[in-house]
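For reference, the structure discussed in these notes is given below.
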Amino acid sequence: MTRRFYVTTPIYYVNGAPHIGHAYTSVAADIVARFRRLAGDQVHFLTGTDEHGQKVEQAATAAGETPQAFTDRISADFRAMADTMQISYDDFIRTTEPRHVSGAQALWEKVAASGDIYLGAYEGWYALRDEAFYGEDELIDGPNGQKLAPTGAPVEWVREPSYFFRLSAYQDRLLELYEKRPEFMGPSGSRNEIMSFVRQGLRDLSISRTSFRWGVPVPNDPEHVMYVWFDALSNYLTALGYPDTNNPLMAFWPADLHLVGKDIARFHTVFWPAFLMAAGIELPSRIFANGWWTVEGEKMSKSLGNVIDPRDLVSEFGVDAVRFFLIREVPFGGDSDLSRRSFIHRLNTELANDLGNLAQRTLSLIARNCNGALPEAGARTEADTHLLAQAELLPSLMEEQVGRCALTDALEETWKIIRACNAYIDHQAPWALKKTDPERMGHVLRVLADALRIIATVLQPWMPESMDRMLTQLGVSESERSFAALGVALPAGRELPAPKGIFPRYTEAEDEKGQ
RNA sequence: GGCGGUGUAGCUCAGCGGUAGAGCAGGGGAAUCAUAAUCCCUUGGUCGGCGGUUCAAAUCCGUCCACCGCUACCA
């Protein structure tokens, strides 16, 4: 009985080029998706782009393009970034696709049928640039007496008819949800903030606009287009074929995990469950927010010119190095800093020295002393048993951690074993056994090969390309790389390809920057 | 202003009632299979300040200080 697992990234807003933050969330989701596949689940992994709204309409006009041509171009760029980062998405949804538009409309009608949508008027201080309304008390005085949003954007008093969602009616049910299902959202800091936000009281939510046209038309009232969050959030359902319950993909609902950036955690933990409750649809299992990246200690911003395109790092260091660093550097959920110095340091100490060198020394000993064939396992000594027992625990240990989105902790678990392997090889000294006890030398190398196989298998979700190479060098065929396959030992005597370094060191660059 | 979080070794952080921990950095040694990588040992902290509860407090309570986040529509 295969378990189904549905994981999503946010759909990214196409008003700018993809940067390291987008890559971060996608890599995290990809690790979860790949991990679940290794564990044997049937996985559906969704990513995509959010393409409606006034800002997009205007950006397109400014670029001298139609909105559709503009979004085609930017969306393709996001998709290219996902491909570069080796994101193993099963589907890429665009909110301008017909399947999404009709699905979002169906969801709207379902919510409307519950009586939780009504027509009213929205008026307030509106900032075109931010595409947002602001409260009177939030405004600041600009030069010439002009009122400005806290972001510095000019505002104007606007009144327009709008459909509202009766969010205020859901306050108690939401709080009850958070209390009853503490795992519904994380990390805990984010959870506390959301809960206190909801306790402060919820206002009804404006969910349509008449001031621009680039959006999903509201059913039965074409003057209105959907406000961006109703449109965007529904993608998680429309990508499964909603409202067509006969679509086989609908079996993946409810989603197991929505991964989001912490800035949009609220929309996913407040608006989304409320919409779903109104529509009588099951709620997702878990929503987890990741933190922000700073660059060399500074906030990423266009004006500072320090926005990092992950593809630049990939072309210099390789995709796996970037994926590894993003998840390894700081406990997943918190904020983190990307500096060239710490980046190179991580790659050198952990990838090149600890793991790469371990594989290299083990494999070259086998190549030279065992005719390049996988040695036979011998009777296990206490040291052998101790090492392998720890390694064999990895899949289940990491499964628990990945389930909690503790992606960094899971890596740390693996590194403990890698360090133990380095200690083991030194203590066993197979290069010395070669003269005194060649049989035992083979057994020691086999223990290391087996431990490395486990290590490379569990690390596949984090570093798919390099672990593919490592498993190949260890003689593990494509069909022997799942967690289940770990239960079957590789036959002794299997021929191994010539070992080749997997993680290079970056000495020059480190010297340049070092001090 | 309100709510919340953080403050532990030089750095990044774990521990959250019972004799201070990890990784990295620093120091000493071993080894030489390996990407000069590795292994072993080791220096280093009145656990932000002050009070309190307790046989016992990084760990609970109070208070103060310093930073940070959230307070309605940007990964």
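So that the names make sense, note that chain A is the first sequence line, chain B the second, and so on, each numbered from 1.
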Which nucleotide wins on minimum distance to the side chain of A:I264, given the candidates B:C39, B:C33, B:C74? B:C74

For a quick check under 3.5 Å, do A:D83 and A:Y89 share a side-chain donor-acceptor pair by atom type? yes

The nucleotide from B:G23, B:A25, B:G69 with an atom nearest the side chain of A:H345 is B:A25

Would you mind pulling out the nucleotide paired to B:C16, Watson-Crick or G-U wobble, both distances under 3.5 Å? none

Can you confirm if the aromatic rings of A:F324 and A:F317 lie within a centre distance of less than 6.0 Å? no

Separation of B:G5 P from A:R191 CZ (nearest whole Å): 12 Å

Under 30°, 30 to 60°, or over 60°: which ring-plane class applies to A:W293 and A:F325, parallel, tilted or perpendicular? tilted

Check every strand shown and say whether A:A352 touches a base, only sugar-phosphate, or nothing at a heavy-atom separation below 4.0 Å. base

Rounded to whole angstrom, note down the C1' distance from B:G7 over to B:U32. 45 Å

Minimum-distance nucleotide (side-chain atoms of A:F197 versus B:C39, B:U71, B:A34): B:U71

When you get a sec, tell me which of B:C39, B:C24, B:U35 is the closest nucleotide to the side chain of A:R505? B:U35

Taking the C1' atom in each of B:G26 and B:G45, what is the distance between them to the nearest angstrom? 16 Å

Between A:L363 (CG) and B:A34 (P), how many Å, whole number? 13 Å

For a quick check of understanding: with a heavy-atom distance under 4.0 Å over all strands, which category does A:I502 fall into, base, sugar-phosphate or nothing? base

Please confirm whether any donor atom in the side chain of A:N353 sits under 3.5 Å from an acceptor in the base of B:A37, or the reverse. no

Out of A:L407, A:L411, A:D409, which residue meets the side-chain contact (heavy atoms from CB on, under 4.5 Å) rule with A:Q401? A:D409

Does B:U32 pair with anything, Watson-Crick or G-U wobble, both distances under 3.5 Å, and if so, with which nucleotide? none

When we call it a touch if two heavy atoms are under 4.0 Å apart, what does A:P10 touch: a base, just sugar-phosphate, or nothing? sugar-phosphate

Using a 4.0 Å heavy-atom cut-off across all strands, classify A:I20 as base, sugar-phosphate, or nothing. nothing

Nearest of B:U71, B:G5, B:C39 to any side-chain atom of A:N192? B:G5

Using the C1' atoms only, state how far B:A72 lies from B:C67, rounded to an integer number of Å. 26 Å

Please determine whether the number of non-hydrogen atoms from other residues, nucleotides or ligands lying under 6.0 Å from atom CD of A:E376 exceeds 12. no

B:G29 and B:A34: how far apart are their P atoms, nearest whole angstrom? 24 Å

Among B:U35, B:C39, B:C24, which nucleotide sits nearest the side chain of A:H427? B:C39

Under 4.0 Å, counting only non-hydrogen atoms across every strand here, what does A:F267 touch: a base, just sugar-phosphate, or nothing? sugar-phosphate

Can the ring centroids of A:W229 and A:F271 be said to lie less than 6.0 angstrom from one another? no

Side-chain N or O of A:R419 versus OP1/OP2 of B:G23: is the shortest distance under 4.0 Å? no

Watson-Crick or G-U wobble partner of B:G69, both distances under 3.5 Å: B:C3

Among B:G69, B:A37, B:C39, the one nearest any side-chain atom of A:D426 is B:C39

Output the single nucleotide from B:A72, B:C33, B:C74 whose closest atom is nearest the side chain of A:R266. B:A72

Taking the side chain of A:L365 as its heavy atoms from C-beta onward, which of B:G23, B:U71, B:C33 lies nearest to it? B:C33

Taking the same atom, P, in B:G5 and in B:C61, what whole-Å distance lies between them? 11 Å

Taking any strand in view, what nucleotide pairs with B:U63 in a Watson-Crick or G-U wobble way, both distances under 3.5 Å? B:G49

Inter-nucleotide P distance (B:C16, B:U59), Å rounded: 13 Å

For A:W272 and A:F275, take the angle between the two ring planes, folded into 0 to 90°, and tell me which bin it lands in: parallel under 30, tilted 30 to 60, perpendicular over 60. perpendicular

Does B:G26 have a Watson-Crick or wobble partner in any strand here, with both distances under 3.5 angstrom, and which is it? B:U42

B:A58: pairing nucleotide in any strand, Watson-Crick or G-U under 3.5 angstrom: none

Within this structure, what is the CG-to-P distance between A:L433 and B:U32, rounded to whole angstrom? 13 Å

Classify A:G189 by what it touches in the nucleic acid, base, sugar-phosphate, or nothing, heavy-atom distance under 4.0 Å. nothing

Using atom P of each nucleotide, how far apart are B:C50 and B:C24 to the nearest Å? 33 Å

Give one of base, sugar-phosphate or nothing for A:G21, where a contact means two heavy atoms less than 4.0 Å apart. base

Would you say A:R199 places a side-chain N or O within less than 4.0 Å of OP1 or OP2 belonging to B:G4? no

Look at all strands and tell whether A:W415 reaches a base, only sugar-phosphate, or nothing, counting heavy atoms closer than 4.0 Å. nothing

Answer with base, sugar-phosphate or nothing: what part of the nucleic acid does A:I194 contact at a heavy-atom distance below 4.0 Å? nothing

Describe the nucleic acid contact of A:D354 in one word from base, sugar-phosphate, nothing, applying a heavy-atom distance below 4.0 Å. sugar-phosphate

State whether the side chain of A:T95 and the backbone N or O of A:E51 hold a donor-acceptor pair below 3.5 Å, judged by distance alone. yes

By nearest atom, which of the nucleotides B:U35, B:U38, B:A72 is closest to the A:F503 side chain? B:U35

What integer number of Å spans the C1' atoms of B:C60 and B:A22? 26 Å

Classify the angle between the aromatic ring planes of A:F164 and A:Y122 as parallel (below 30°), tilted (30 to 60°) or perpendicular (above 60°). parallel

Have a look at B:A72 and give me syn or anti from its glycosidic angle (syn if within 90° of zero). anti

